[in-house]
Amino acid sequence: ETVMTQSPATLSVSPGEGVTLSCRASQSIKSDLDWYHQRPGQAPRLLIYRGSSRATGIPARFRGSGSGTDFTLTISSLQSEDFGLYFCQQYNNWPFTFGPGTMVDIK
Amino acid sequence: QVVLQESGPGLVKPSETLSLTCTFFNGSMNSTNFYWGWIRQAPGKGLEWIASVFFRGDTHFNPSLRSRVTISVDTSKSQFSLRLRSVTAADTAVYYCARDALLLRGFDLWGQGTTVTVSS
């Protein structure tokens, strides 16, 4: 099983600032990684697939990068709707596994 | 607009079986482009993938739950279902059904989630 880790666990950010979230896999997963955003009380929403492709309707301020074991999600100029939990997920091998998440909250 | 919606009891007794159904509205499940999956989230915790099923019935399971899980699909009803046997309090969670888009390789459509509590 591929274990996913994320850092930091929590990030306090002011609206308009940029952030970088990290995700690491315990073994190489090529670019087989997705990023999701979850607001409180809501289901997760797909942001990025295949490591760097934005899902439908996702604005350009979200950028995914990385391959192998190290991945990054960069959000430029955070908007109020961007706060919440961010998860990475690998689909390179079964079972699919998620990272523990990074909480982005308002400073 | 395509929608997924979970249904099932919100309270299950310990040692019994949790049964949930997910209905896909405004679309067909008869597609080679998607798997259909169940994912759960325990209170204050992260996401855990449980199992996925293809429209032809091919299945994949999380080994940590494999011995207790059944997943099935009924394309004529546009539904897929989850059964989790011998539940304990550790199975208390929000259960989501989701569509795994094979062209993207991501869960691109999610139900709103249903809370299941295991308690006597």
Side-chain angles (χ1 to χ4, degrees), chain A residues 1-10 21 23-25 29-58 62 64 67 71 73 84-103 105, chain B residues 1-7 20 22 24 33-54 58-69 71 82 93-116:
Chain A
E1 173 175 320
T2 301
V3 177
M4 307 300 293
T5 56
Q6 290 184 244
S7 61
T10 304
L21 312 181
C23 174
R24 176 166 289 179
I29 56 170
K30 302 178 187 176
S31 295
D32 298 339
L33 183 104
D34 299 326
W35 288 95
Y36 298 85
H37 176 221
Q38 184 181 35
R39 298 191 188 103
Q42 295 187 14
R45 179 187 184 189
L46 180 65
L47 295 175
I48 302 289
Y49 61 94
R50 291 190 193 146
S52 60
S53 297
R54 282 190 302 277
T56 302
I58 302 303
F62 291 91
S67 65
F71 299 84
L73 176 67
L85 266 171
Y86 287 83
F87 295 99
C88 59
Q89 178 233 324
Q90 68 82 21
Y91 55 84
N92 178 262
N93 54 83
W94 304 97
F96 293 159
T97 46
F98 291 86
T102 291
M103 173 63 77
D105 61 24
Chain B
Q1 181 183 358
V2 293
V3 173
L4 288 170
Q5 185 170 308
E6 304 90 350
S7 58
L20 296 174
C22 184
F24 181 51
N33 291 330
F34 305 108
Y35 263 86
W36 307 90
W38 289 96
I39 296 154
R40 70 180 182 179
Q41 187 171 32
K45 301 294 186 182
L47 299 166
E48 180 180 32
W49 171 74
I50 302 170
S52 292
V53 64
F54 200 48
D58 315 57
T59 54
H60 294 274
F61 297 91
N62 191 323
S64 68
L65 296 166
R66 174 66 181 93
S67 63
R68 298 194 291 133
V69 169
I71 188 171
L82 174 74
V94 177
Y95 285 75
Y96 295 101
C97 61
R99 184 178 73 178
D100 179 4
L102 296 179
L103 294 179
L104 307 181
R105 293 323 310 266
F107 290 103
D108 70 333
L109 179 68
W110 294 66
Q112 82 277 13
T114 187
T115 299
V116 178

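In what follows, every chain begins at residue 1, and chains take the letters A, B, ... in the order their sequences are listed. Just so we're clear, the structure is a prediction, and the values are computed from it rather than from any experiment.
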* **His60(B) and Trp94(A): CA distance, side-chain angles, deciding distance, side chain to side chain contact (heavy atoms under 4.5 Å, CB included) verdict** => CA-CA 8 Å; His60(B) 294 274; Trp94(A) 304 97; 3.2 Å; yes

* **Step-by-step side chain to side chain contact (heavy atoms under 4.5 Å, CB included) determination, Gln41(B) to Gln38(A)** => CA-CA 12 Å; Gln41(B) 187 171 32; Gln38(A) 184 181 35; 2.9 Å; yes

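For the residue pair Gly111(B) and Ala43(A), the shortest heavy atom distance occurs at O-CB, 3.3 Å. The two residues Arg50(A) and Leu104(B) come nearest to each other via the heavy atoms CG-O, 3.6 Å.
Using a 4.5 Å cut-off between heavy atoms, Phe96(A) contacts chain B through both its backbone and its side chain. Contacts between Ile39(B) and chain A at a heavy-atom distance below 4.5 Å involve the side chain alone, from C-beta outward. If you measure heavy-atom distances from Tyr96(B) to chain A, the contacts under 4.5 Å come from the side chain alone.
Put simply, CG on Asp108(B) and CZ on Arg45(A) are 11.5 Å apart, with the number rounded to the nearest 0.5 Å. Put simply, CG on Leu85(A) and CG on Leu47(B) are 8.5 Å apart, with the number rounded to the nearest 0.5 Å.
Inter-residue side-chain proximity for Pro44(A) and Phe107(B) is flagged as unmet; no heavy-atom pair is nearer than 4.5 Å. In this structure, Arg105(B) and Tyr49(A) have side chains that are not in contact, with every pair of non-hydrogen atoms separated by 4.5 Å or more.
Counting non-hydrogen atoms of neighbouring residues, nucleotides and ligands closer than 6.0 angstrom, the CZ atom of Arg24(A) reaches no more than 12 such neighbours.
Side-chain rings of Tyr36(A) and Trp110(B) approach one another, their centers coming within less than 6.0 Å.
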